[in-house]
Amino acid sequence: MSAVFALVDCNNFYASCERLFRPDLIGRPIVVLSNNDGCIVARSAEAKALGIKMGVPFHQIERYLRQQNVAVFSSNYALYADISARVMSILEQHAPRVEIYSIDEAFLDLTGVDAIVSLDTFGASIRQIVRQHTGIHVCVGMAPSKTLAKLANHAAKVYPATRGVVDLTDPVRQQRLLALMPVSEVWGVGPRLSKRLNAEGIQTALDLAAANPKTIRQQYSVVLERTVRELNGESCLSLEEMTPTKQQIICSRSFGQRITEYRQMHEAICSYTSRAAEKLRQERRTARRLSIFLRTNRFNTAEPQYMPAPGAELPIPTDDTRELVATAIKLLRACWKDGYRYMKAGVMLTDFHQPGTFQSDLFNTAGGNPRSQALMEVLDHINQSGHGQVFLAGQGMQRDWNMQRRYLSPAYTTRWQDIPVVR
DNA sequence: TCTGGGGTCCTAGGACCC
DNA sequence: TCTGGGGTCCTAGGACCC
């Protein structure tokens with residue numbers, strides 16, 4: 001029995017989520033902006049038809065968007081995460097094994113399913129069920145490897161005649177599609193590799209599939225070699241149902257305005273560290289290494305630049321917000337310089353351990369401090385309850401550096417006072 | 001004036017050891 | 001002028017993904 005993977009991908013996900021609760025926007029172009037309302041990260045079909053490109057800085061096309069009556073939204077991550085969870089739970093009810101690959105995509109293992117029902121029928125029914133239960137439209141691509149399933153999904157999106165479902169298990173069909181796809185559309189081939197491959201005469205996905213894997217490995221990498229094999233229907237990437245534990249946690253943001261005062265940076269670093277510590281506890285890990293980074297605006301070459309990124313090792317791995325914040329602030333004090341206009345800062349945690357397993361020296365108590373653990377549990381409980389916020393004084397009350405979200409929609413599904421009311 | 005955030009994997013090169 | 005070889009570990013940087 002040969003493997004069959006499906007890739008289910010939500011269409012224009014963020015824009016679709018915004019439209020779910022705004023039926024008045026049906027037919028109107030929608031764009032969603034990145035944090036700080038920086039650039040375009042999602043577009044509805046109508047917005048794509050207007051020629052609006054992904055990743056364009058908002059300020060460059062703001063006038064055009066107004067002229068075209070485009071609805072503009074700041075990222076509402078709470079909303080998207082909630083809708084995503086609903087879509088994923090439906091997929092998990094209908095497929096034996098599911099890998100949630102990103103907020104809007106999942107791989108399914110459909111091996112053996114084609115003995116019971118045709119893949120086209122299965123794909124169409126998944127689409128219909130998700131749409132009926134969530135209002136979200138998805139496309140389904142099916143093939144013997146993940147890389148081919150990705151391409152099949154892409155075809156399902158691009159060609160309306162497919163009705164959103166493409167079964168690419170037939171080798172002849174694979175060849176036909178690969179010949180139509182530029183190599184840059186292949187999963188794992190980014191802009192740099194595309195350029196190099198094009199220069200070598202490899203233009204289409206079919207050209208890459210026809211390349212010698214050994215040669216590709218020598219000239220490029222083992223990763224691209226695997227891609228070549230996957231394009232030939234040899235499955236090298238397996239379905240990963242268990243989310244692997246994180247190797248690092250990063251919390252960083254660009255500021256709403258440039259920061260020039262130490263007080264503001266102190267608040268920001270405290271906040272980011274607290275958030276990172278919260279994520280760490282969710283992962284049930286402790287961290288031994290913490291680093292911070294500050295950045296001036298690298299796009300503005302006329303300004304003096306300063307981008308320190310100091311790190312420190314903790315004596316014992318910890319998940320205690322207070323210890324991590326104290327370490328971060330020590331690093332900040334040492335690297336802070338007045339006279340720069342800072343644009344962004346962040347905190348990174350690495351070198352993770354399982355709580356209580358660290359081999360400590362004679363003078364430290366291994367296994368963590370039970371009082372600290374209890375305190376952190378209470379902190380997380382209150383902050384996740386929706387009833388209030390408890391934070392360290394260092395995080396500040398002014399928060400005048402916080403990011404801009406001028407076009408934020410309500411938290412329709414995750415905050416009581418924002419639930420839509422039908423009159 | 002205005003250019004996201006959070007991840008992964010691989011490789012090369014330096015430090016260090018015997 | 002000569003001044004080994006091989007292994008491990010760590011870090012930085014580059015590439016990719018959504």
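Not measured: the values here are computed from a predicted model. Below, read A as the first sequence line, B as the second, and so on, with proteins coming before strands; counting in each chain starts at 1.
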Between [X] and [Y], does any side-chain N to carboxylate O distance fall below 4.0 Å?
| X | Y | value |
| --- | --- | --- |
| Lys150(A) | Glu230(A) | no |
| Glu62(A) | Arg66(A) | yes |
| Glu225(A) | Arg229(A) | yes |
| Asp170(A) | Arg173(A) | no |

What pairs of donor and acceptor atoms, side-chain ones from residues 234-252 of chain A against any protein atom, are under 3.5 angstrom apart with sequence neighbours left out?
from, atom 1, to, atom 2, distance (Å)
Glu241(A), OE1, Arg97(A), NE, 2.9
Gln247(A), NE2, Thr245(A), O, 3.3

*Which residues pass the side-chain hydrogen bond (donor to acceptor under 3.5 Å, both in side chains) test with Ser44(A), sequence neighbours left out?*
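Expected list: Glu46(A).
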*Can you sort out the partners of Thr204(A) under side-chain hydrogen bond (donor to acceptor under 3.5 Å, both in side chains), two or more places apart, ordered by chain and number?*
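Partners of Thr204(A) by the side-chain hydrogen bond (donor to acceptor under 3.5 Å, both in side chains) criterion, ordered by chain and then number, come out as Asp207(A).
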*With sequence neighbours excluded, tell me which residues meet ring pair (Phe, Tyr, Trp, His ring centres under 6.0 Å) with Tyr101(A).*
Phe107(A), Trp187(A)
*Flag the pair Ile30(A) / Arg43(A) as yes when at least one side-chain heavy-atom distance between them is below 4.5 Å, and no otherwise.*
no
Exercise answer: donor-acceptor pairs, residues 309-318 of chain A side-chain atoms, under 3.5 Å, sequence neighbours excluded:
from, atom 1, to, atom 2, distance (Å)
Thr318(A), OG1, Asp320(A), N, 3.0
Thr318(A), OG1, Glu323(A), OE1, 3.2

*asked:* To the nearest 0.5 Å, what is the distance between CG on Asn198(A) and OG on Ser184(A)?
replied: 7.5 Å
*Hey, what do you get for OG1 (Thr286(A)) to CZ (Phe352(A)), rounding to the nearest 0.5 Å?*
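CZ of Phe352(A) is found 9.0 Å from OG1 of Thr286(A).
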Take the protein atom [atom1] of [X] and the nucleotide atom [atom2] of [N], then report the distance between them rounded to whole Å.
| X | N | atom1 | atom2 | result |
| --- | --- | --- | --- | --- |
| Arg295(A) | dT3(B) | CZ | C1' | 13 Å |
| Tyr80(A) | dG4(B) | OH | P | 17 Å |
| Met343(A) | dG5(B) | CE | C1' | 12 Å |
| Leu33(A) | dG4(B) | CG | C1' | 11 Å |
| Arg285(A) | dG7(B) | CZ | P | 15 Å |
| Asn35(A) | dG5(B) | CG | P | 5 Å |
| Arg217(A) | dC10(B) | CZ | P | 11 Å |
| Asn300(A) | dC2(B) | CG | P | 7 Å |

*For DNA chain B, whose closest nucleotide is more 5', that of Pro244(A) or that of Gln60(A)?*
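Between the two, 5'-proximity favours Gln60(A).
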*Could you pick out which residue, Asn36(A) or Arg341(A), lies toward the 5' side of DNA chain B when each is mapped onto its nearest nucleotide?*
Arg341(A)
*asked:* Dot-bracket for DNA chain C, please. Rules: Watson-Crick or G-U, both distances under 3.5 Å, ( ) within the strand, [ ] when a pair crosses earlier ones, | for another strand, . otherwise.
replied: ....||||||||||||||
Kindly list each side-chain donor-acceptor pair under 3.5 angstrom involving residues 157-164 of chain A, sequence neighbours excluded, with atom names and distances?
from, atom 1, to, atom 2, distance (Å)
Lys157(A), NZ, Asp9(A), OD1, 2.9
Thr162(A), OG1, Ala156(A), O, 3.2
Thr162(A), OG1, Tyr159(A), O, 2.6
Thr162(A), OG1, Gly164(A), N, 3.3

*asked:* Between dC18(C) and dT3(B), how many Å separate the two P atoms, rounded to a whole number?
replied: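 It works out to 24 Å between them.
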Do [X] and [Y] have side-chain N/O donor and acceptor atoms under 3.5 Å apart?
| X | Y | answer |
| --- | --- | --- |
| Glu105(A) | Ser102(A) | yes |
| Lys344(A) | Asn297(A) | no |
| Asp82(A) | Thr414(A) | no |

*Nearest of dG7(B), dG5(B), dC2(B) to any side-chain atom of Lys246(A)?*
dG7(B)
*Does any residue of residues 40-58 of chain A have a heavy atom under 4.0 Å from DNA chain C, and if so, which ones, in number order?*
none
*Counting only non-hydrogen atoms, which of residues 249-283 of chain A are less than 4.0 Å from DNA chain C?*
none
Can you give me the N/O atom pairs linking the protein to nucleotides 12-15 of chain B at distances under 3.5 Å, or say none if there are none?
none

*Any side chain to side chain donor-acceptor pair (under 3.5 Å) involving residues 264-278 of chain A? Give me the pairs, sequence neighbours left out, ordered by first then second residue.*
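Sorted pair list: Tyr262(A)-His266(A), Arg263(A)-Glu267(A), Gln264(A)-Asp400(A), Glu267(A)-Trp401(A), Ser271(A)-Arg399(A), Ser274(A)-Gln395(A), Arg275(A)-Glu278(A).
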*At under 4.0 Å between heavy atoms, what does Gln247(A) touch on the DNA or RNA strands: base, sugar-phosphate, or nothing?*
sugar-phosphate
Under-3.5 Å N/O pairs linking protein and nucleotides 16-18 of chain C:
from, atom 1, to, atom 2, distance (Å)
dC16(C), OP1, Gly190(A), N, 3.1
dC16(C), OP1, Gly190(A), O, 3.2
dC16(C), OP1, Arg192(A), N, 3.3
dC16(C), OP1, Leu193(A), N, 2.8
dC16(C), OP2, Arg192(A), N, 3.4
dC17(C), OP1, Gly188(A), N, 2.9
dC17(C), OP1, Val189(A), N, 3.4
dC17(C), O3', Trp187(A), NE1, 3.4
dC18(C), OP1, Lys150(A), NZ, 2.6
dC18(C), O3', Ser102(A), OG, 2.8
dC18(C), O3', Asp104(A), OD1, 3.3
dC18(C), O3', Glu105(A), OE2, 3.3

